[in-house]
Undergrad: 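The structure under discussion is supplied below as structure tokens; questions concerning it will follow.
Residue numbers begin at 1 in each chain, while the letters A, B, ... track the order of the sequences.
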2 protein chains.
Amino acid sequence: MFILRKGLMMSYVLLDDGSRQILRFLFPGDMLGISSAIYHEAPETLCALSDTVVCPFDRATLSAIMQEHPRLSAMILVYSQIERVALTDRLAALGRTSAKARVAALLLDLRNRLRATDKSIDRAFPLGLTQEEIGDATGLTAVHVNRMLRQLEEEGMIAREGGRVTLLDRGALAGAANYVNRYEGLDLRWLPPAR
Amino acid sequence: MFILRKGLMMSYVLLDDGSRQILRFLFPGDMLGISSAIYHEAPETLCALSDTVVCPFDRATLSAIMQEHPRLSAMILVYSQIERVALTDRLAALGRTSAKARVAALLLDLRNRLRATDKSIDRAFPLGLTQEEIGDATGLTAVHVNRMLRQLEEEGMIAREGGRVTLLDRGALAGAANYVNRYEGLDLRWLPPAR
DNA sequence: CGTTGTATTGACACTGGTCAAGCATGGTGG
DNA sequence: CCACCATGCTTGACCAGTGTCAATACAACG
């Protein structure tokens with residue numbers, strides 16, 4: 001298990017037919033590989049998308065935390081629930097929304113996650129992903145991702161130039177995407193006190 | 001928050017356009033509503049599919065468990081990770097597999113989950129879902145679910161009569177579905193001891 | 001018996017996939 | 001410095017899988 005300190009990573013699974021589903025992009029502060037710790041065989045693959053710095057810890061450490069730091073334990077549980085809710089949002093997007101909505105949601109999420117650690121990011125950010133990666137995250141082909149990006153651009157919702165994306169109309173994007181920022185609206189007053 | 005003691009439930013979200021994505025079916029022993037506890041507004045809706053019995057507990061109880069029962073706390077974390085992995089499997093299914101594979105995976109999962117609390121279930125079980133519910137869980141329409149069930153039947157992989165389904169060839173189904181039983185293969189030796 | 005919800009089936013439409021080609025970019029080795 | 005190559009982006013033509021709409025059948029239930 002690791003905490004990501006710097007850089008961008010992703011986790012994905014490969015299916016029998018060779019296709020890939022990207023489960024999650026990982027940003028600084030995220031915990032990685034907890035699920036690998038509870039199974040004999042890791043259920044997902046981790047991969048760095050840029051130069052990264054991680055901070056490793058092992059099962060014994062997690063076990064010690066659970067015994068000695070109840071508040072931290074509770075926060076780990078909360079964190080895993082936030083991640084779970086983000087996954088259910090993506091599940092609903094894959095099951096019930098159009099290709100354009102899924103791409104829009106991905107762009108909005110990338111922007112919000114990047115902004116969490118870099119407040120200078122507002123409308124524009126570097127899109128550190130290939131269109132194939134966007135496709136594997138949204139359940140589309142790279143070709144169709146390209147078409148959707150062009151449409152969003154033609155409709156004036158985004159602008160692109162040289163790997164950078166600018167969200168020109170976040171409201172319209174969020175409307176098209178059914179997007180909810182799951183890192184807001186938390187209620188954590190019930191957490192146990194620090195020991 | 002609740003523990004489901006008896007019956008079948010589901011959790012789902014409704015999107016703006018009125019479509020529904022079923023996130024999860026809930027079986028006896030499952031914990032429900034943890035994610036609702038950490039947000040101000042519940043991110044998902046819970047709904048009973050049959051007569052059910054639940055055992056409620058509140059945030060203060062969870063907080064007390066985190067403080068006084070490290071082993072139980074760790075098991076709750078493990079449980080939420082199992083659920084997370086099951087969600088990622090479904091995410092990969094929605095993003096990257098065919099309609100037939102998704103329906104097959106749902107049938108296999110239902111059988112395994114039912115069997116967990118009723119060992120008398122082997123090949124046949126009562127399908128307590130409408131085809132519309134199967135569709136909302138797999139990201140398909142009820143009409144297409146019907147077509148897929150018929151195909152699976154014609155290919156001799158399942159049989160149906162009066163709300164009961166029989167899995168005639170679980171191996172072939174699992175192959176068609178890319179299915180992994182996530183309640184097996186756990187490694188829990190690192191858990192803290194009971195206090 | 002009507003009524004309501006569910007299952008079934010067919011005809012047709014459309015979203016998104018597939019295949020193929022061309023183009024831009026940047027890195028590499030001669 | 002330049003030819004070469006790999007990778008990723010863009011676009012068009014065509015096709016397949018899935019959705020939509022509509023009609024019918026069936027069962028449960030008041």
Undergrad: Between atom CG in N146(A) and atom C1' in dA21(C), what is the gap in whole Å?
TA: 14 Å

Undergrad: Which residues end up grouped with L4(B) if you chain together Ile, Leu, Val, Met, Phe, Trp and Tyr wherever their side-chain heavy atoms are less than 4.5 Å apart?
TA: F2(B), M9(B), L26(B), L32(B), L46(B), V54(B)

Undergrad: Write down the atom of A194(A), the atom of R71(A), and the distance for their closest heavy-atom approach.
TA: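 Scanning both residues completely, I find the closest heavy atoms to be N-CD, 3.4 Å.
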
Undergrad: Is a side-chain donor or acceptor of S73(B) paired with a backbone partner of I65(B) at a separation under 3.5 angstrom?
TA: yes

Undergrad: Rounded to the nearest 0.5 Å, what separates atom CD in E153(B) from atom CG in L168(B)?
TA: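 Between E153(B) CD and L168(B) CG, I get 9.0 Å after rounding to 0.5 Å.
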
Undergrad: Run through L106(A), D136(A), T45(A), V13(A) and flag the one making a side chain to side chain contact (heavy atoms under 4.5 Å, CB included) with I22(A).
TA: D136(A)

Undergrad: Looking at every non-hydrogen atom in both residues, tell me the closest pair between L14(B) and Y12(B) and how far apart they are.
TA: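 What the structure gives for the nearest pair is CG-CE1, 3.8 Å.
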
Undergrad: Rounded off to whole Å, could you give me the CD-to-C1' distance for the E154(B) and dT8(C) pair?
TA: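 Rounding to the nearest Å, CD of E154(B) and C1' of dT8(C) are 12 Å apart.
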
Undergrad: Quick one: closest heavy-atom pair of M31(A) and Y79(A), and the distance?
TA: N-OH, 3.0 Å

Undergrad: Does atom CG of D51(B) have more than 12 heavy-atom neighbours, drawn from other residues, nucleotides or ligands, at distances under 6.0 Å?
TA: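 Counting neighbours around CG of D51(B), 12 or fewer heavy atoms of other residues, nucleotides or ligands fall under 6.0 Å, so no.
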
Undergrad: Between residues 9-25 of chain B and DNA chain C, which residues have a heavy-atom gap below 4.0 Å?
TA: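 Of all residues in residues 9-25 of chain B, none places a heavy atom under 4.0 Å from DNA chain C.
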
Undergrad: What's the CG-P distance between L149(B) and dT6(C), to the nearest Å?
TA: 15 Å

Undergrad: Given 3.5 Å as the limit, does a donor-acceptor pair link the side chain of T138(A) with the main chain of I134(A), or not?
TA: yes

Undergrad: Starting from the 5' end of DNA chain D, give me the residue, R96(A) or R150(A), whose nearest nucleotide shows up first.
TA: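 The residue whose closest nucleotide sits nearer the 5' end is R150(A).
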
Undergrad: Below 3.5 Å, can you tabulate the donor-acceptor pairs from side chains in residues 33-43 of chain B to any protein atom, sequence neighbours excluded?
TA:
unit_1, atom_1, unit_2, atom_2, d
S35(B), OG, E44(B), OE1, 3.2
Y39(B), OH, R182(A), O, 2.7

Undergrad: Roughly, in whole Å, what's the span from CD in Q151(B) to P in dT9(C)?
TA: 12 Å

Undergrad: Just checking, is any N or O donor in the side chain of S80(A) or S80(B) under 3.5 Å from an acceptor N or O on the other one?
TA: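 A donor-acceptor contact under 3.5 Å links the two side chains.
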
Undergrad: For D136(A) and dG17(C), what is the distance between atoms CG and C1' respectively, to the nearest whole Å?
TA: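 That distance rounds to 14 Å.
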
Undergrad: Going by side chain to side chain contact (heavy atoms under 4.5 Å, CB included), L110(B) matches just one of L167(B), V165(B), L129(B). Which one?
TA: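 The residue from L167(B), V165(B), L129(B) that satisfies side chain to side chain contact (heavy atoms under 4.5 Å, CB included) with L110(B) turns out to be L129(B).
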
Undergrad: Quick one: which protein N/O atoms are closer than 3.5 Å to N/O atoms of nucleotides 13-16 of chain C? Pair and distance per line, please.
TA:
unit_1, atom_1, unit_2, atom_2, d
dG16(C), OP1, A99(A), N, 2.9

Undergrad: Shoot me the first and last contacting nucleotide of DNA chain D against chain B, ordered 5' to 3', at under 4.0 angstrom to non-hydrogen atoms.
TA: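 Contact boundaries, 5' end first: dT18(D) to dC21(D).
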
Undergrad: Should we say atom CZ of R5(B) is surrounded by more than 12 heavy atoms from elsewhere, each under 6.0 Å from it?
TA: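 No, because the 6.0 Å sphere around CZ of R5(B) holds 12 heavy atoms or fewer from other groups.
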
Undergrad: Looking at five pairs on each end of the helix from dC1(C)-dG30(D) to dG30(C)-dC1(D), what is the angle between the two axes, given to 10 degrees?
TA: 40°

